[in-house]
Amino acid sequence: MKDIATPVRTQEILKKYGFSFKKSLGQNFLIDPNILRNIVSHAGLTKDSAAIEIGPGIGALTEHLARAAGKVVSFEIDQRLLPVLEDTLSPYDNVQIIHSDILEADTDSVFERELASYEDVMVVANLPYYVTTPILLKLLHDRLPIRGMVVMMQKEVADRITAKPGTKEYGSLSIAIQYYMDAEVAMTVPKTVFMPPPNVDSAVIKLTRRTEPVVIVKDEDFLFLVSRGSFVQRRKTILNNLQTSLPEGKAHKEEILKALQDTGIEPSRRGETLSIQEFGALADALYDTFYPMWRSENK
């Protein structure tokens, strides 16, 4: 069976359906079967596994997932691609295409309806680059029972997700992902294996769910509020950023200083130097003062 993901076959399919790429949907189709096999191998799928895919395009990655996994559930936002996928994936009876924006989908009900019988589930996708971060954060926020993710994205975002404290790439996104997941860059991907080629470099990251978060905190959402607030202006100190970002922060400078002192964090440090463990301790130290104000503002 000819792979979908070759330049010739991809062109044939696009021509057959008169398909034109929508830049607004970040459509860049993979046209190298070796890259796809490599992506799927990093996911460690078996016929006892299921895969969730976002943005299948014409089914290039979906096909390889269908060969490796017991079931594939794929979310496609572009209605024009539904008949294409019905055609290209017709040899596979273990693929379910859902016409939905993943950001608006009720993933719990989809999981219950389509994947309840699978104990091992991975998210494997060539993500639309313009919404990579919202998709990842939604999947984490939805607390789906997945083993992890193997996802293609803009290399710059991959570097931020996997960054360590003290680097210029490290920020609130690094903390939000690494709090739940072990993160590593699995491979970098050249522009030449896409149609059309993207304007940016690409990378595949592998995220593996931790058995428990890096640090146990009083409230996870409040931890992420504190970490985001600490990077509002990267050149400013953590004291200055927290005064700006926390509710009535300027009026409660002494409480912020006390929390920093209690956790052994110098007020002159910048957010990029703090580990997730330090952010966890700081969030808990700030909790009693600022959490009630934050909740009342966000009811």
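Since the structure is predicted, the reported quantities are computational estimates derived from the model, not experimental observations.
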Is a donor on one side and an acceptor on the other found under 3.5 Å between the side chain of [X] and the backbone of [Y]?
X      : Y      : value
Glu278 : Ser275 : yes
His99  : Asp78  : no
Ser174 : Gly171 : yes
Asp284 : Lys218 : yes
Arg80  : Ser20  : yes
Glu114 : Gln96  : no
Gln178 : Ala163 : yes
Arg270 : Arg235 : yes
Gln233 : Asn241 : no
Thr10  : Pro7   : no

Just so I know, are the side chains of [X] and [Y] near enough to count as touching, which here means a heavy-atom distance under 4.5 Å?
X      : Y      : value
Tyr180 : His141 : no
Asp87  : Pro83  : no
Leu89  : Val72  : no
Leu257 : Pro267 : yes
Val200 : Lys155 : no
Leu140 : Met181 : yes
Val121 : Leu144 : no
Ile102 : Thr107 : yes

For [X], is the [atom1] atom crowded, meaning more than 12 foreign heavy atoms sit under 6.0 Å from it?
X      : atom1 : answer
Lys253 : NZ    : no
Asn34  : CG    : yes
Glu12  : CD    : yes
Gln277 : CD    : yes
Glu86  : CD    : no
Lys258 : NZ    : no

Closest non-hydrogen atom pair between [X] and [Y], with its separation:
X      : Y      : value
Ala66  : Asn94  : O-ND2, 2.9 Å
Met149 : Met122 : N-CE, 3.7 Å
Ile39  : Val150 : O-CG1, 3.7 Å
Gly271 : Tyr170 : O-CE2, 4.1 Å
Ala125 : Leu61  : CA-CD2, 3.8 Å
His42  : Met187 : CD2-SD, 4.1 Å

>> Walk me through whether Thr88 and Thr62 qualify under side-chain contact (heavy atoms from CB on, under 4.5 Å).
In response: CA-CA 10 Å; Thr88 59; Thr62 325; over 6 Å; no
Could Asp3 and Arg67 be called an ion pair, given the rule that one side-chain N must be under 4.0 Å from one carboxylate O? yes
Ion pair check, Arg147 and Asp120, cut-off under 4.0 Å:
yes
Partner of Glu272 under salt bridge (charged side-chain N to carboxylate O under 4.0 Å, His left out), picked from Arg234, Lys164, Arg160, is Arg234
So Phe21 and Phe19, would you call those rings parallel, tilted or perpendicular, with 30° and 60° as cut-offs? perpendicular
Applying the 4.5 Å side-chain criterion to the ILVMFWY set and letting contacts propagate, would Ile175 and Val232 be lumped into a single cluster?
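Unlinked, Ile175 and Val232 end up in two clusters.
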| said: Walk me through whether Met152 and Leu30 qualify under side-chain contact (heavy atoms from CB on, under 4.5 Å). | reply: CA-CA 10 Å; Met152 175 99 71; Leu30 283 160; 3.8 Å; yes
Could you measure the distance from the [atom1] atom of [X] to the [atom2] atom of [Y]? Nearest 0.5 Å is fine.
X      : Y      : atom1 : atom2 : result
Ile31  : Arg9   : CD1   : CZ    : 14.0 Å
Lys71  : Ile52  : NZ    : CD1   : 11.0 Å
Glu184 : Ile205 : CD    : CD1   : 9.5 Å
Leu103 : Ile77  : CG    : CD1   : 7.5 Å
Gln243 : Ile256 : CD    : CD1   : 5.5 Å

I'd like to know whether Ile146 forms a side-chain contact (heavy atoms from CB on, under 4.5 Å) with Phe111, so could you lay out the CA-CA distance, the side-chain angles of the two residues, the decisive distance to 0.1 Å, and finally the verdict. CA-CA 10 Å; Ile146 58 174; Phe111 216 98; 4.1 Å; yes
Quiz item: Would Phe279 and Tyr179 count as a close aromatic pair, with their ring centres under 6.0 Å?
Solution: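 Ring centres of Tyr179 and Phe279 not closer than 6.0 Å.
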For residues Phe222 and Phe290, establish whether the separation of their ring centroids is below 6.0 Å.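 They do not qualify: ring centres at least 6.0 Å apart.
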Between Tyr129 and Glu156, is a side chain to side chain donor-acceptor pair (under 3.5 Å) present by the stated rule, with each step listed?
CA-CA 11 Å; Tyr129 289 3; Glu156 180 186 330; over 6 Å; no
- Give the intermediate values and the outcome of side-chain contact (heavy atoms from CB on, under 4.5 Å) for residues His252 and Leu246. CA-CA 9 Å; His252 292 81; Leu246 289 174; over 6 Å; no
